[in-house]
Amino acid sequence: MNSPEQPLPTFDEVLLCTPQTSTEQVGLFLRRCLIPCQGGNKIYTMLYADELSYDVSKRAEELFQHLQCYNSSYRLIILCNCEGENSYLPSAFSHYKVHMIPQRSRAEIQQYLQHHFRVPQPSDSAAAVFKEHMCVGIVSSKRAGMGK
């Protein structure tokens with residue numbers, strides 16, 4: 001985010017974890033992160049790692065320990081909910097823990113995201129229904145079940 005021209009993460013750099021995330025999915029992700037290849041400057045991120053089941057987390061840690069020797073310059077970020085920091089994977093990696101404080105203001109982050117999520121004006125895209133031709137949007141309501 002140092003420059004508006006820096007791209008957003010690609011699909012292979014992010015793993016959104018849920019309780020249904022399989023050992024195979026986590027294994028493929030860790031292999032992409034830890035086995036050196038041509039595109040070596042990527043930053044890999046596991047989101048909601050605290051959501052993984054105990055078995056998947058245990059195997060992920062074992063695989064990480066095994067693959068870590070192949071690449072000493074990997075870039076891996078594991079994000080979890082602070083309420084779930086006592087689950088297996090965040091606990092296993094707790095000695096690497098870093099409390100993050102955003103380095104950019106909220107306005108700068110929003111401007112960066114708007115730059116990347118804006119669809120060109122003349123296109124016939126569903127983005128026309130969102131504010132400022134964004135290709136993503138959040139629809140919310142204070143009242144549940146109101147047809148969102």
Side-chain angles (χ1 to χ4, degrees), residues 1-120 123 125-127 129-142 144 148:
M1 210 181 106
N2 292 328
S3 160
E5 302 310 315
Q6 281 185 310
L8 292 169
T10 58
F11 71 94
D12 65 327
E13 293 176 85
V14 178
L15 179 64
L16 181 59
C17 301
T18 68
Q20 291 75 36
T21 302
S22 68
T23 302
E24 182 181 1
Q25 290 171 308
V26 175
L28 289 171
F29 178 78
L30 289 174
R31 283 180 180 85
R32 280 195 301 264
C33 173
L34 296 168
I35 296 177
C37 64
Q38 301 263 334
N41 290 330
K42 294 183 176 187
I43 299 173
Y44 293 89
T45 307
M46 289 179 72
L47 297 171
Y48 303 115
D50 54 304
E51 297 273 331
L52 294 173
S53 70
Y54 177 82
D55 292 335
V56 172
S57 297
K58 179 82 170 126
R59 290 188 180 151
E61 182 199 14
E62 291 168 357
L63 182 61
F64 176 84
Q65 299 299 338
H66 175 71
L67 294 176
Q68 188 180 13
C69 64
Y70 292 106
N71 186 359
S72 61
S73 62
Y74 63 89
R75 297 168 159 193
L76 175 62
I77 298 170
I78 300 174
L79 295 174
C80 66
N81 185 335
C82 63
E83 295 169 4
E85 67 182 341
N86 294 326
S87 60
Y88 186 85
L89 205 58
S91 295
F93 288 92
S94 64
H95 54 284
Y96 297 110
K97 186 176 186 177
V98 175
H99 291 282
M100 191 196 94
I101 299 171
Q103 300 296 310
R104 303 279 187 220
S105 70
R106 182 177 184 170
E108 287 176 304
I109 293 170
Q110 288 174 332
Q111 187 175 27
Y112 173 80
L113 293 172
Q114 285 175 351
H115 173 78
H116 286 285
F117 289 127
R118 185 169 286 121
V119 175
S123 73
S125 169
V129 300
F130 287 111
K131 183 180 176 182
E132 299 178 12
H133 287 272
M134 294 294 143
C135 64
V136 296
I138 297 173
V139 177
S140 66
S141 174
K142 293 181 181 176
K148 298 179 287 293

Sorted by chain and residue number, the side chain to side chain contact (heavy atoms under 4.5 Å, CB included) partners of Leu8 (sequence neighbours excluded) come out as Tyr112, Leu113, His116, Phe117

Taken in chain and number order and not counting sequence neighbours, the residues that satisfy side chain to side chain donor-acceptor pair (under 3.5 Å) with Tyr74 are Gln68

Distance col, row Gln111:CD vs Arg106:CZ, nearest 0.5 angstrom, shows 14.5 Å

Taken in chain and number order and not counting sequence neighbours, the residues that satisfy side chain to side chain contact (heavy atoms under 4.5 Å, CB included) with Ile78 are Met46, Ala49, Leu76, Phe93

To the nearest 0.5 Å, atom CZ of Phe64 lies from atom CG of Leu34 at 6.0 Å

Those residues at least two apart in sequence (or on a different chain) that pass side chain to side chain donor-acceptor pair (under 3.5 Å) with Asn71 are Ser73

Sorted by chain and number, sequence neighbours left out, side chain to side chain contact (heavy atoms under 4.5 Å, CB included) with His115 holds for Pro4, Glu5

Hits for side chain to side chain donor-acceptor pair (under 3.5 Å) against Ser94, two or more places apart or cross-chain, chain-then-number order -> none

Output for pair (Leu89 CG, Asp50 CG), nearest 0.5 Å, gives 9.0 Å

Here the salt bridge (charged side-chain N to carboxylate O under 4.0 Å, His left out) pairs for residues 14-25, sequence neighbours left out, are none

Applied to residues 7-18, the salt bridge (charged side-chain N to carboxylate O under 4.0 Å, His left out) test, sequence neighbours excluded, yields Asp12-Lys42

With sequence neighbours left out, the residues meeting side chain to side chain contact (heavy atoms under 4.5 Å, CB included) with Leu47 are Val14, Leu16, Thr45, Leu79

Hits for side chain to side chain donor-acceptor pair (under 3.5 Å) against Ser22, two or more places apart or cross-chain, chain-then-number order -> Gln25

Considering only distance and modelled atom types, tabulate donor-acceptor pairs under 3.5 Å from the side chains of residues 51-62, sequence neighbours left out.
from, atom 1, to, atom 2, distance (Å)
Ser53, OG, Val56, N, 3.3
Ser57, OG, Ser53, O, 2.9
Glu61, OE1, Tyr88, OH, 2.3

